[in-house]
Amino acid sequence: MRTSWADSVSNSAAEIAIWDKNSLPRPTRSTYVPPHLRSGSISDLSGPVTGTNGGSRWTGSDGGGTKPELRRQGQANSYATAGRDAAAGGGGGGGGRNNRSGGWDRREREVNPFGNDDKIYDIKQNFSEQENSGINFDAYEDIPVEASGENVPPPVNTFAEIDLGEILNQNIRRCKYVKPTPVQRHAIPIALAGKDLMACAQTGSGKTAAFCFPIISGIMRELYAQRSHVGRTVYPLGLILSPTRELSCQIHDEAKKFSYQTGVKVVVAYGGAPINQQLRELERGVDILVATPGRLVDLLERARVSLQAVRYLALDEADRMLDMGFEPQIRKIVEQMNMPNRGVRQTMLFSATFPREIQRLASDFLSNHIFLAVGRVGPSTDLIVQRVEFVLESDKRSHLMDLLHAQRENGNHGKVSLNLQQALTLVFVETKKGADSLEHWLCMNGFPSTTIHGDRTQQERELALRSFKSGKTPILVATDVAARGLDIPHVAHVVNFDLPNDIDDYVHRIGRTGRAGKTGLATAFFNESNLSLARPLAELMQEASQEVPAWLTHYASRAPYGGNKNRRSGGRFGGSDFRREESIGKNLDYYSGGNSGNAYEGLVDIAGGYAPGVTSAWD
DNA sequence: AAAAAAC
């Protein structure tokens, strides 16, 4: 039972004040409240805990030009700790809140995310290297990059140049990151400069880090960004949204590594799992919340989370988040839930694919953003070999069986490998029912498989993913729930048993292989029910220097024009800035476009005029 | 038409 004091606080003082740190006195540090005292009798906290303002400094979310500082009002029971301030200095203390005496310690020891969590990922032990050191950086040297917008900060070449501070540098070393990937080289300076960002880039090349490091660093540096709560409502400073539960988990796992010992607390919330545990986790404090939209809305409606203090918003797989199914929910979260306005918060959108319509939608959430596109790895050949085969619906199963037998006999497509390193095969189908049925059939025919789709319980989904990752069931039959973002090492083969209707989905699906500089194979079963995909698929494959079968070219040439309805934004690698494209449409003058001052491009002649609908960078 | 996402 909450005390009346707490109730009155939550009624009257729930606002997060925004003020200018330069013109207002800095609040004195609030009293630390150890976790075991928090949910209990708050009234022990000697009433108003500090605060220099009278509590009337609420100014709404009008930025007034410069980015204002978001602050808790003083009179509530803020329990921000001193840890972050010291941690931001990067030196002396050698750690964040958790290392500090009087910190969270003892009761809540931060689990070392680099430590012995190999129960889940035990297959890694069987592979020769850590994942990240396996990245083939040479392949990244010459990739094309486009960045447009005002005052684009130049890219960096090393992590040292970025100056994220010693604690983050240690985590970078622990992650075995040697040097930043292309998306990191470009995106991190942009994000650190406080700019909004729309980025097309590969997930396999460290996209998560590209938005996590700036957010963590920003929260550490910001002396005024203190963790706070009012009653049972918590106020995260960073919010990361993703379209599937598994992807949210994955981002959370990574973010925990990046934030280790920084004192920045990352919590994940998603549906299908008991909410109580997530609530407890939130109550213990949250700086960065990683969530799927549905569960977040639930938490917001229960008033267990408020977005009022959000300073950093990141949407992963942003084009999916803004497509027809998700857009209303995202709009609700971003525009109708008290989140600071664009321009006040910093917004970062990441995806491999950014159709122009989605870019236009997304610009509602952005303020004078920089558009960044990082091209695919390698100039003409690719890490993913794509094959298309004409397979009648009725022949699909036996054809798959042939492939799997051949694969089994060849080992990993001819690669010399240990038994342990058996190739993982990811099979995409159209429907949940189809997934179950194919999985059952494969198992009956001697191919240990499992399946992941939205009709399975979350427990089943997570078990399936673990079983697949570990190699216990080296075949995973999946719907599009697994198409995006999931980083599953050692997927050697992606089979599009049923092709998707949207070429972007195809791009994301095949991107589950050929990750982190490794090679992969993607096989698609094409038949007359995929006619609308013929043209974009043929174009995509041609662009990626893949062998396009004559019959596919034939279908493509006869395909109805509507096959291009999901028209991509043009440009040869991952799309280009729709603002620029629209200005081209108006006056054909490339560089006089209103929004694209000071653009730079690397290594690619953007003005070359590529057909719309062609692009080849994947997430 | 299907998939995903809350209870």
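Please read all numbers here as calculations on a predicted model, not as lab measurements.
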*Looking for any heavy atom pair under 4.0 Å, which part of the strands does A/Asp480 touch: base, sugar-phosphate only, or nothing?*
nothing
*Just call it for A/Gly271: base, sugar-phosphate, or nothing, with non-hydrogen atoms closer than 4.0 Å on any strand.*
sugar-phosphate
*Whole angstrom is fine here: how far is it from CZ in A/Arg456 over to P in B/dA4?*
12 Å
*Distance in angstrom units between A/Phe497 CZ and B/dA2 C1', rounded*: 16 Å
*Determine: side-chain N/O of A/Arg245 to OP1/OP2 of B/dA6, distance under 4.0 Å, yes or no.*
yes
*Between B/dA3 (P) and A/Arg461 (CZ): distance, integer Å*: 13 Å
*Donor-acceptor pair under 3.5 Å, A/Asn501 side chain vs B/dA1 base*: yes
_Restricting to salt bridge (Lys or Arg N to Asp or Glu O under 4.0 Å), what partner residues turn up for A/Lys432, sequence neighbours left out?_
A/Asp455
*asked:* So, using side-chain hydrogen bond (donor to acceptor under 3.5 Å, both in side chains) as the criterion, who are the partners of A/His252 when residues are at least two apart?
replied: none
*Kindly say if A/Lys432 contacts the phosphate of B/dA4, meaning a side-chain N or O under 4.0 Å from OP1 or OP2.*
yes
*Could you give the CD1-to-C1' distance, from A/Ile333 to B/dA6, as a whole number of Å?*
11 Å
_Nucleotide of B/dA6, B/dA4, B/dA1 approaching A/Val481 most closely (side-chain heavy atoms)_ = B/dA4
_For atom CG of A/Asn530 and atom C1' of B/dA1, their distance in whole Å_ = 14 Å
*Answer with base, sugar-phosphate or nothing: what part of the nucleic acid does A/Arg302 contact at a heavy-atom distance below 4.0 Å?*
nothing
*Looking for any heavy atom pair under 4.0 Å, which part of the strands does A/Arg320 touch: base, sugar-phosphate only, or nothing?*
nothing
*asked:* Of the options B/dA5, B/dA6, B/dA3, whose atoms approach the side-chain atoms of A/Thr244 most closely?
replied: B/dA5
*Does the side chain of A/Ser437 come under 3.5 Å of the side chain of A/Arg397 through a donor N or O and an acceptor N or O?*
yes
*What are the two closest heavy atoms between A/Val481 and A/His453, and how far apart are they?*
CG1-CA, 3.9 Å
*Looking only at side-chain N and O atoms, does A/Thr292 come under 4.0 Å of OP1 or OP2 in B/dA4?*
no
*Rounded off to whole Å, could you give me the CG-to-P distance for the A/Asp323 and B/dA5 pair?*
13 Å
_What contact category does A/Val297 fall into here, base, sugar-phosphate, or nothing, at under 4.0 angstrom with non-hydrogen atoms?_
nothing
*How close or far is atom C1' of B/dA1 from atom CG of A/Asp498, stated in whole angstroms?*
13 Å
_Exercise: do A/Thr292 and A/Ser248 side chains pair donor with acceptor under 3.5 Å_ = no
*How close or far is atom C1' of B/dA6 from atom CG of A/Leu299, stated in whole angstroms?*
9 Å
